[in-house]
Protein chains: 2
Amino acid sequence: MTVRRQPLSQTQTRVLDLLSAAGRPLSAYDLLGKLRGEGVNAPPTVYRALEKLVREGLVHRIESLNAFVACSTPHHHDMATFAICDQCGLVTELTDRPLQEQLAAMSSRSGFHATRMMVELRGHCAACAAKAHGHGASDHAH
Amino acid sequence: MTVRRQPLSQTQTRVLDLLSAAGRPLSAYDLLGKLRGEGVNAPPTVYRALEKLVREGLVHRIESLNAFVACSTPHHHDMATFAICDQCGLVTELTDRPLQEQLAAMSSRSGFHATRMMVELRGHCAACAAKAHGHGASDHAH
DNA sequence: CGATCGGATGTTATATCATAACATCTATCT
DNA sequence: AGATAGATGTTATGATATAACATCCGATCG
Ligand SMILES: [Zn+2]
Ligand SMILES: [Zn+2]
Ligand SMILES: [Zn+2]
Ligand SMILES: [Zn+2]
């Protein structure tokens with residue numbers, strides 16, 4: 001599954017591994033925290049590695065969280081869709097080809113040429129929606 | 001379904017007017033800059049006004065720009081779609097009912113209960129796409 | 001009237017996210 | 001060796017956002 005076109009540097013590999021292991025979005029400073037003591041001491045290194053990984057399509061940036069997550073299906077795809085549970089923090093990357101086509105159609109209909117399409121849904125995951133019967137649980141948040 | 005609108009405070013009105021007049025997204029600090037000398041001297045006031053306006057459905061936050069824009073059709077709508085030109089900075093709020101329904105269907109199909117749906121397209125507007133013939137012009141950005 | 005309550009604001013300080021600018025190091029190609 | 005490209009280190013700063021607490025004011029109610 002790991003289709004890597006360019007070889008990754010040490011730090012880039014380390015960042016990707018950390019994101020994959022986390023299985024949830026991490027902020028650049030979360031990553032920096034985990035990399036201190038491994039020779040990574042400042043934000044630019046982390047941001048540079050993330051930039052590369054995003055370029056390579058291995059990592060997505062989630063705008064509404066200011067955080068990064070390993071791509072669940074690492075192909076280059078210029079559209080990413082995320083469902084973000086505001087209760088437990090679960091983030092799921094969704095794929096829906098028809099949606100992508102419809103979005104592209106909608107944008108081009110207005111003459112817009114989209115190079116990147118971001119869809120982020122906020123709400124409650126199935127588990128949390130089931131649990132939620134009027135009362136609130138321990139809000140996770142980011 | 002009675003859409004009860006709360007009266008807006010002085011600052012809230014001022015912020016909404018500034019956003020409407022700008023016709024483009026402004027950051028909270030852009031707004032603060034314009035409000036200094038009118039008794040608004042610190043970020044919290046601006047953020048609080050924006051929070052209220054977003055709650056009322058009069059303003060949208062554009063996540064990928066960290067900026068705010070007046071809603072083009074101020075109804076409460078939990079889905080907002082924006083086409084953002086990376087060249088000239090033009091931001092257009094799009095409406096597409098079928099897309100909204102398809103997104104809702106997709107999310108609920110996976111058991112997710114969406115309360116808010118964000119769609120942000122990055123690329124080039126019709127005018128800039130026409131001008132762009134391989135060469136880059138004066139990248140505007142925000 | 002006077003109590004009190006909610007909404008808005010002021011104020012200070014700080015947290016969080018991101019980049020500029022410049023120096024260094026190494027691998028690779030010529 | 002010289003040149004190039006990519007990655008990293010380092011220092012400093014910019015940009016975005018919130019915490020915590022105090023004050024003010026209009027509406028409501030006993
Ligand atoms: Zn992906
Ligand atoms: Zn959940
Ligand atoms: Zn709107
Ligand atoms: Zn444009």
Side-chain angles (χ1 to χ4, degrees), chain A residues 4-19 24-56 58-69 86 89 118 120 122 139-142, chain B residues 4-19 24-56 58-69 86 89 118 120 122 139-142:
Chain A
R4 294 179 185 176
R5 315 185 172 195
Q6 302 295 97
L8 297 180
S9 77
Q10 189 72 32
T11 306
Q12 290 157 9
T13 303
R14 207 60 198 94
V15 166
L16 180 55
D17 287 349
L18 286 169
L19 285 175
R24 64 182 184 87
L26 298 178
S27 75
Y29 279 77
D30 289 340
L31 290 162
L32 179 57
K34 293 172 185 288
L35 290 171
R36 285 199 194 281
E38 299 186 25
V40 175
N41 304 294
T45 306
V46 176
Y47 279 103
R48 285 163 183 155
L50 286 167
E51 184 183 24
K52 173 76 180 302
L53 291 168
V54 168
R55 253 191 343 258
E56 294 290 324
L58 300 171
V59 163
H60 297 291
R61 173 180 168 79
I62 300 185
E63 300 290 347
S64 66
L65 295 178
N66 292 330
F68 301 82
V69 69
D86 287 326
M118 287 159 281
E120 298 181 15
R122 304 298 289 258
D139 242 47
H140 164 110
H142 43 287
Chain B
R4 178 157 29 107
R5 182 162 308 167
Q6 302 290 78
L8 297 181
S9 77
Q10 189 72 32
T11 306
Q12 290 157 8
T13 303
R14 207 63 197 91
V15 166
L16 180 55
D17 287 349
L18 286 170
L19 285 175
R24 64 181 185 86
L26 298 178
S27 75
Y29 280 78
D30 290 339
L31 290 162
L32 179 58
K34 293 171 185 288
L35 289 171
R36 285 198 193 281
E38 299 185 24
V40 175
N41 304 294
T45 305
V46 177
Y47 280 102
R48 293 193 278 234
L50 286 168
E51 183 183 25
K52 173 77 180 299
L53 292 167
V54 168
R55 246 182 0 246
E56 295 289 325
L58 300 171
V59 164
H60 297 291
R61 173 180 169 77
I62 300 184
E63 300 290 346
S64 66
L65 295 178
N66 291 330
F68 300 83
V69 69
D86 288 325
M118 281 162 280
E120 298 180 15
R122 303 298 288 258
D139 243 45
H140 164 108
H142 49 283

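Because the structure is predicted, anything quoted here is derived from the model rather than measured. Chain letters run A, B, ... following the sequence lines, proteins first and then strands; every chain starts at 1.
The two residues B/Ala28 and B/Leu50 make their nearest non-hydrogen contact at CB-CD1, 4.0 Å.
In this structure, the CD1 atom of A/Ile62 is 12 Å from the P atom of C/dA18, given to the nearest Å. We find that CG of A/Leu35 is positioned 13 Å from C1' of D/dT8, with the value rounded to whole Å. For the pair B/Glu51 CD and C/dT9 C1', the computed distance is 14 Å after rounding to whole Å. At whole-Å resolution of the value, CZ in B/Phe68 and C1' in D/dT16 are 9 Å apart. If you measure from atom CG of B/Leu65 to atom P of C/dA18, you get 13 Å, rounded to the nearest angstrom.
Side-chain contact check for B/Leu19 versus B/Leu31: some heavy-atom pair is nearer than 4.5 Å. Side-chain contact between A/Asn66 and A/Ser27 is absent, with no heavy-atom pair separated by less than 4.5 Å. Contact of the B/Val40 side chain with the B/Val15 side chain is not registered, since no non-hydrogen atoms from C-beta on lie closer than 4.5 Å.
Considering only side-chain N and O atoms, B/Asn66 lies nowhere under 4.0 angstrom from the phosphate OP1 or OP2 of C/dC17. The side chain of A/Ser9 contributes no N or O atom lying less than 4.0 Å from OP1 or OP2 of D/dG6. Taking 4.0 angstrom as the limit, B/Lys52 places none of its side-chain polar atoms (N or O) nearer than this to OP1 or OP2 of C/dG7. In terms of phosphate contacts, A/Tyr47 brings a side-chain nitrogen or oxygen within less than 4.0 Å of OP1 or OP2 of C/dA18.
Residue pairs meeting the side-chain hydrogen bond (donor to acceptor under 3.5 Å, both in side chains) criterion with at least one partner in residues 41-50 of chain B, sequence neighbours excluded, are absent.
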For this session: Evaluate the side-chain contact (heavy atoms from CB on, under 4.5 Å) criterion for residues A/Leu53 and A/Leu8: first the C-alpha distance (whole Å), next the side-chain angles of each, then the deciding distance (0.1 Å), finally the verdict.
Result: CA-CA 9 Å; A/Leu53 291 168; A/Leu8 297 180; 4.0 Å; yes
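Mapping B/Arg61 and A/Gln12 onto DNA chain D via the closest heavy atom, the residue that lands nearer the 5' end is A/Gln12.
By the 4.0 Å N-to-carboxylate-O rule, A/Arg61 lies close enough to A/Glu63 to be salt-bridged with it.
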N/O to N/O distances under 3.5 Å, protein versus nucleotides 9-12 of chain D:
unit_1 : atom_1 : unit_2  : atom_2 : d
D/dG9  : OP1    : A/Gly39 : O      : 2.2
D/dG9  : OP2    : A/Thr45 : OG1    : 2.9
D/dG9  : N7     : A/Arg48 : NH1    : 3.1
D/dG9  : O6     : A/Arg48 : NH2    : 2.7

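We find that the ring of B/Tyr29 and the base of D/dT16 stack, their centres lying under 5.5 angstrom apart and their planes tilted less than 30°.
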